[in-house]
Each structure stands twice: as C-alpha cells, then as structure tokens.
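Reading through the structure tokens given below for one structure.
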Number of protein chains: 2
Amino acid sequence: MATEPKTATSAWALVWDIFQSDKKRRWGLLAELGLTPVQGMALSSLDADDPPTMSHLGGQIMCDSSTLTGVVDRLEALGYVERRPAPNDRRARCVALTDKGRALQAELRARMSPPPPQLEHLTADEAAQLHDLLATAIARHATGA
Amino acid sequence: MATEPKTATSAWALVWDIFQSDKKRRWGLLAELGLTPVQGMALSSLDADDPPTMSHLGGQIMCDSSTLTGVVDRLEALGYVERRPAPNDRRARCVALTDKGRALQAELRARMSPPPPQLEHLTADEAAQLHDLLATAIARHATGA
DNA sequence: TATTGTTATACTCTATAACTATA
DNA sequence: TATAGTTATAGAGTATAACAATA
C-alpha cells in the first residue's frame, strides 16, 4: 500500500507476523519436552497452589469437557498431574500437579518466556515503551475505560 | 512481583495475555465459516496471484506434507481450492483458490483483521507508537541490525 | 431440573514410513 | 540419488450426544 496506516489494526497485524514467525520455535520447545500444544497449554496454565476443576481448566484453555478428559488422561498417564476429589462438590474433580509436573511446568515456563528475536532488537527504552503501551491497553480494557 | 521489570520479556508476556484472551473470538469466527484452525491458516495464507506448491504451502503454515495432503483434500472437497500442475516441475502441484475460495478468503481476512478489544482502548497516537515500535523491531531483525 | 465429568462415536489433525513419479 | 506428493497407519485433538452421579 502507498500510505502506511499505523492504527491499532496495523499494529495487530505486526503482532500476528511476529507470533507466526515464532511458531516454529514454540512448537519445537514443546516437542523437546514430549508435549503436544494442548498438553503444553494445560500444563502451563495449572496453578500449583489452587488446582482447578476439570470444567474450570477447560474454560481456561478453551477445551471441550470430553476433549479435556482425554488430554488429562494422557497427562496423568505421563505422571504430570493427578485427579483429586473437589472439596465442595462431589461431582467435580480437581487437576493437581505432581512433583514431576511442577518441575516440567517450571522448565516449560522458563523456556517459553524469552521473547522472539524481533523484540530482542529493541533498546531497553523501546522495550519499556512497548510494555507500557500494552499494559495501558490491558488496564483500560479491564476497567472499562 | 514487587518491581515491574518492563523488558522485552515482560512486554512479550503481555502480548501472550492479549493473544490468549482473543482466542475464543478467533476460533468462533473460524467455526462460523465452517473452517478448522489449520484450514483457516491455509486458506488465509494462499496467494491468489501466485498459487504455491504443496511443499511451499506446508512450509508457510508449518505443516507436514502428509498432513497437508489431507487438509488440501478437504478444502478441495469443499470447493475452496483446486490442485493444478506446477509450471516448472512435473512432480509438484500448485494449490489455487477457486472463486468460492477467494470470496471466503476475503471474508476471513476481513473478520480476522480487527484488533482485540484491549488495543481498541489506545488513542490514535498510542496505536501509532505501538505500530512503530513493532515495525522497528521487525525491520532491525530483518536487516540483522 | 441442572451441572460435572465420563464414555461412545466420528471426524480432523499430526507425524513416520513406504511408495510412485519425476528431477 | 534426491525431491514432490500420496498412501497407509497409528495416535492425539475435537465436538456431539448419551449417560451416571451429584447439586
């Protein structure tokens, strides 16, 4: 296009480009740990101090309850999580990390946290600006401002 | 954490949060159009003027050749693409959009392009700053600067 | 009656290995 | 020999419907 728009829409398109170009690295990391993408999402979203119920976890990772049954079955077979009765509802079951699962979660988070190479090319000031803009957007959205 | 870091890493974590919170909308859009996530990626990455070969398309959307065979089979059965012989290599086949596929691609791109609600809360100036920072990062990475 | 989770079923995605046709 | 694409096979993700236990 002749004139660059520079709107929220065009900025989002750039975010997409960066996300897409980083996909190979992320998938490779998961594969090295022997996890599928959904297993990685489930594992990294588990709160060690507050094990969610199946339905709560399903809501977090946008996963059907019948799908989640299979996913958690496999994570349990791998020894990363275990199902426990829920305290307040005898129908529900909580998904709790095992020690092995906690260790893998830490490893996963550590390896996933580095930004893609594009963002490494920003100066410290520029990175702080980027952080502030995003934090501002999120905060305004949260407060409905 | 007590002190906010404001680095490229923390900025990337915020991008993740926004991406995650927008997932439901994106998946819903695809479902409304009767497409799976991979089908959506394939369709939206096809260049109408320059149909890629199977292997080129597979590289773009990070998809194994045998997986892609099935994906393209289904897109072809739905009438969105058609396989054509490649001009220079009698082994290869190009994946070309049909008229129906071009229309769906336009619809898909139009519906996917709006930014998530968080970014709508930025002013025009802030959005332009965000665009510039991301464009700078991408440009420096591309030129190895 | 409604909700939580599982099972049954069917389809899609995914990768590995073997294969055909072409380079 | 190497590469492009398909097929066969097996496992994992996905959703719908039916179901049992509990709220």
Side-chain angles (χ1 to χ4, degrees), chain A residues 23-24 26-46 51-96, chain B residues 23-46 50-96:
Chain A
K23 202 179 195 180
K24 194 168 190 170
R26 296 197 310 273
W27 287 31
L29 279 178
L30 290 170
E32 283 175 23
L33 298 175
L35 295 171
T36 66
V38 185
Q39 287 170 358
M41 274 193 295
L43 202 71
S44 66
S45 80
L46 283 175
T53 62
M54 290 289 287
S55 58
H56 189 253
L57 178 58
Q60 280 188 327
I61 67 175
M62 220 110 47
C63 193
D64 188 80
S65 68
S66 63
T67 302
L68 191 62
T69 294
V71 173
V72 172
D73 279 352
R74 286 177 281 273
L75 285 175
E76 199 165 24
L78 290 166
Y80 297 133
V81 303
E82 62 183 15
R83 278 181 250 231
R84 294 183 192 158
N88 303 328
D89 188 335
R90 286 203 296 172
R91 294 171 302 179
R93 307 173 76 180
C94 293
V95 183
Chain B
K23 202 179 194 181
K24 193 168 192 169
R25 186 186 68 90
R26 297 197 308 273
W27 288 32
L29 279 178
L30 290 170
E32 283 175 23
L33 299 176
L35 295 171
T36 65
V38 185
Q39 287 170 358
M41 272 192 296
L43 202 71
S44 67
S45 80
L46 283 174
D50 186 20
T53 61
M54 290 289 286
S55 58
H56 188 253
L57 177 58
Q60 279 187 327
I61 67 175
M62 221 112 44
C63 193
D64 188 79
S65 67
S66 63
T67 301
L68 191 62
T69 294
V71 173
V72 172
D73 279 351
R74 286 177 282 274
L75 286 175
E76 198 165 25
L78 291 166
Y80 298 133
V81 303
E82 61 183 17
R83 277 182 250 232
R84 293 182 192 157
N88 303 329
D89 188 336
R90 286 202 296 173
R91 294 171 303 178
R93 306 173 78 181
C94 293
V95 183

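What you see below is based on every heavy atom in this structure, not just the backbone, and it leaves out hydrogens, waters and symmetry mates. Lettering of chains follows the sequences in order, A, B, ..., and the numbering in each one begins at 1.
Spacing between atom CG of B:Leu78 and atom P of C:dC11 amounts to 14 Å, rounded to whole angstrom units. Distance, B:Met62 CE to C:dT14 P: 11 Å, rounded to whole Å. A straight line from CG of B:Asp64 to P of C:dA18 spans 15 Å, rounded to a whole angstrom. Here the C1' atom of nucleotide C:dC13 and the CD1 atom of B:Ile61 are 11 Å apart, to the nearest Å. Note: CG (A:Asp73) to P (C:dG5) measures 13 Å, nearest angstrom. If you take CD of B:Gln39 and P of C:dC11, they are 15 Å apart, rounded to a whole angstrom. Note: CZ (A:Arg84) to C1' (C:dG5) measures 18 Å, nearest angstrom. As rounded to whole Å, 21 Å separates atom P of C:dT3 from atom CZ of A:Arg93.
Residue contacts for A:Thr36: at a heavy-atom cut-off of 4.0 Å it reaches the sugar-phosphate backbone alone, with no base atom in range. In this structure, A:Ser55 reaches the sugar-phosphate backbone alone: every heavy-atom distance under 4.0 Å involves primed, P, OP1 or OP2 atoms, never a base.
Test A:Val72, A:Leu68, A:Leu57, A:Thr69 against A:Cys63 for side chain to side chain contact (heavy atoms under 4.5 Å, CB included) and you get one pass: A:Leu68. A salt bridge (Lys or Arg N to Asp or Glu O under 4.0 Å) with A:Glu76 holds for exactly one of A:Arg84, A:Arg93, A:Arg83; it is A:Arg83.
Using a 4.5 Å heavy-atom threshold, the side chains of B:Cys94 and B:Pro87 count as touching. Proximity of B:Leu46 to B:Pro51: side-chain heavy atoms (C-beta onward) are nowhere separated by under 4.5 Å.
B:Ser66 contributes a side-chain N or O that forms a donor-acceptor pair with the base of C:dT16 under 3.5 Å. Judged by atom type and distance alone, A:Arg91 reaches the base of C:dT3 through a side-chain donor-acceptor pair under 3.5 Å.
DNA chain D is contacted by both A:Pro37 and B:Ser65; B:Ser65 maps to the nucleotide lying nearer its 5′ end (nearest heavy atom per residue). In terms of position along DNA chain C, the nucleotide closest to A:Thr53 lies nearer the 5' end than the nucleotide closest to the other residue of the pair A:Thr53 and B:Cys63.
Summarising the geometry of A:Pro37 relative to A:Leu30, their closest heavy-atom pair is CA-CD1, 3.7 Å, with the distance given to 0.1 Å.
Closest to the side chain of B:Val38, out of C:dT12, C:dT14, C:dA8, is C:dT14.
Atom NZ of B:Lys24 sits in a sparse spot, with 12 or fewer heavy atoms from other residues, nucleotides or ligands closer than 6.0 Å.
With a cutoff of under 4.0 Å to any heavy atom of chain A, the contacted region of DNA chain D is bounded 5' to 3' by D:dA12 to D:dA23.
B:Leu35 CG to B:Trp27 CH2: the interatomic distance, rounded to the nearest 0.5 Å, is 14.0 Å.
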